[in-house]
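Only one structure is covered here, and it is reproduced in the block below.
Reminder, nothing fancy here: chain letters follow the sequence lines and each chain counts from 1.
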There are 2 protein chains.
Amino acid sequence: MTKSYQETVGQLTKAYPSLSKQLKKSAAHVLEHPGDVATLSMRQVAARADVPPPTMTRLAKSLEFETYNAMRDVYRGAIEEFSSNHSSRAGELQITNGTSDIEASLQSFKNTTLGSLTHLFDTIDRQHLQQIILSLTTARKVFVVGMHASHSLANYLHYVASTSFPNWQLITHKNGELAHQVEHINADDVVVAISPTPCAADTVRVAKLAYEAGAKVVGITDTRTAPLATYSTDLLLTSAQSPHFFESYVAIAALVEMILGLLMADSEQLAIDNISRLERRRNELGEYWPDQ
Amino acid sequence: MTKSYQETVGQLTKAYPSLSKQLKKSAAHVLEHPGDVATLSMRQVAARADVPPPTMTRLAKSLEFETYNAMRDVYRGAIEEFSSNHSSRAGELQITNGTSDIEASLQSFKNTTLGSLTHLFDTIDRQHLQQIILSLTTARKVFVVGMHASHSLANYLHYVASTSFPNWQLITHKNGELAHQVEHINADDVVVAISPTPCAADTVRVAKLAYEAGAKVVGITDTRTAPLATYSTDLLLTSAQSPHFFESYVAIAALVEMILGLLMADSEQLAIDNISRLERRRNELGEYWPDQ
DNA sequence: ACATAAATGAATCAAATGTATCAAAGTTGC
DNA sequence: GCAACTTTGATACATTTGATTCATTTATGT
């Protein structure tokens, strides 16, 4: 029986951390550039991954493929399927020439953003997502963690979710440490960790700790080789690419709202009731500026 | 100059009818199975198209490619763009379970989100935006304010901007009040206020105060009738619509990143230097999980 | 510390690949 | 009908390819 592309990628992701130095290097390249495997020769992929050719053969064999070619066939198959379905879209994203710097900047930002979002919406695994939602609703406690720029989104996720679910907790740096917030994480809990590469050490530490405690760890990041992926039981990937000098959180925000939307929908009336009660309360307290 | 995938396909389509019998056969296969060209050897494609190998070379040359390999590179490039550009998965087949409301939820979310973003990108006033950027870079101090869910984005905006601009300040509720943070706002300052309707009273209060002090107030909201609009000298509008029971911040996030991107681009090397210095500092301090 | 095992990369070889060549077959214009 | 031209496919060949081998380096356990 031949392996499926998804199986292969999953297997590789799982095996990745325990691979030897060179194999890891090649695995990283394969994970991040699956197209290379499908379209280039082994030697060319090896060159791009900066490893000698036999390493690619060894990688394939470590995934229990008979030969490297057997592995490549899996990747070719994935492309074939893809290109026959979506071939018309292959060259879709065109940068229309702008008249100014700002125009060019906006256009390229638009292209990458819409591209990332389209890809996210079209390719996210529905069943997997549903399964994650289920574990979020049945967890004893849900911890949300994100540092640096990701902290804003972690904060947002927690903020909205906690309007309906009091058992959600945001992990923050209080007094320069986060130990006491995480020491009671156990197997009944779920941790949602947000961190595009390069990963904040503290986020990974929390994920690692939770992972080793048997908790479910939902990792939101941008590549399977992210340190965060190692300690995630469930990975949600989306691009953080951007033409700017900082990562874009637009697609990650969409992913977060996707989760929130499904969470709310799942708990139906409960969530709606909670939110409308909160709204009423806020109005009473004058938290909203009165309508004119 | 290298040809684009789209060009090539277009050219081939146009030339197709006038090709000779055998070339037509090969062209048909190429058009219907572009993935084959990207992933298989010429001889294999020729075999599948049921033509002798040299015919493929001739097809390529008839499209004014130097060699068949030159043509294949175009096809490879298209695949590469797809699979590596968007992080991970290349091939994707989803088992959409018939009744799934999750699918419906995602689709409607996708539609509103892409709609909002497209509208934002296509309709935002470039000159106005540029002008806002200018005032942000020349301000004495820049205050960022946002409450409730908007606070996360305000925090994000401030976080990224302050990596390059130390004169940015985030307004927060410390000790239940925000008076002393805003009492010194003057006409040389700019306030960026984020609040979709219904507007948080505190955000509007800050805007009002700044507005009356003669400061520039950049209001980011979703309608011109929002209370925040009243006290804004410059309005940036974008939709916060969503099929969910809470507002969507995806488009607002994009708007914020747009501003950040232009800010950074405007200050060119300064911003880049600051960011890379910060990155280095973070590495020194071990804030990132080390690469394996 | 040593011995054993694992990982690594240079060298090698047979198989395959892309291209060029050229003779045969087919087409066109007069 | 014939000459000039184009199209076609078998063959040949240098290059590149994937896999193996084996000596060397590196890691591991005792």
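Two residues, Gln44(A) and Lys61(A), neighbour DNA chain D, and the one matched to the more 5' nucleotide by heavy-atom proximity is Gln44(A). Mapping Leu40(A) and Arg43(B) onto DNA chain D via the closest heavy atom, the residue that lands nearer the 5' end is Arg43(B). Where Lys21(B) and Glu66(B) each meet DNA chain C at their nearest nucleotide, the meeting point lying more 5' is that of Glu66(B).
Judged purely by atom type and a 3.5 angstrom limit, Arg72(A) uses its side chain to pair as donor or acceptor with the backbone of Leu40(A).
Following rounding to the nearest Å, Met56(A) (CE) and dT20(D) (P) show an atom-to-atom distance of 15 Å. As a whole-Å value, the separation of Asp73(A) CG from dG18(D) P is 12 Å. For the pair Asp50(A) CG and dG9(C) C1', the computed distance is 13 Å after rounding to whole Å. If you measure from atom CZ of Arg76(B) to atom P of dT17(C), you get 13 Å, rounded to the nearest angstrom. Per the geometry, CG belonging to Asn69(A) stands 13 Å off C1' belonging to dT16(D), to the nearest Å. Per the geometry, CG belonging to Leu59(A) stands 15 Å off C1' belonging to dG18(D), to the nearest Å.
Side-chain nitrogen and oxygen atoms of Ser41(A) include none within less than 4.0 Å of the OP1 or OP2 phosphate oxygen of dT16(D). Taking 4.0 angstrom as the limit, Thr57(A) places a side-chain polar atom (N or O) nearer than this to OP1 or OP2 of dA19(D). Residue Thr67(B) places no side-chain N or O under 4.0 Å from the OP1 or OP2 atom of dG18(C). Look at Arg72(A) and you'll find a side-chain N or O under 4.0 angstrom from OP1 or OP2 of dG18(D).
Among the nucleotides dG18(C), dA19(D), dG9(D), the one closest to any side-chain atom of Met42(B) is dG18(C).
Side-chain polar atoms of Tyr75(B) and Thr39(B) form no donor-acceptor pair below 3.5 angstrom. Side-chain contact annotation: Gln241(A) with Thr112(A), donor-acceptor N/O pair under 3.5 Å absent. A donor and an acceptor atom, one from each side chain of Glu212(A) and Tyr231(A), are nowhere located under 3.5 Å apart.
Listed by first then second residue, pairs satisfying salt bridge (Lys or Arg N to Asp or Glu O under 4.0 Å) with a partner in residues 131-143 of chain A read Arg140(A)-Asp189(A), not counting sequence neighbours.
The base of dG9(D) lies close enough to the side chain of Arg58(B) for a donor and an acceptor atom to sit less than 3.5 Å apart.
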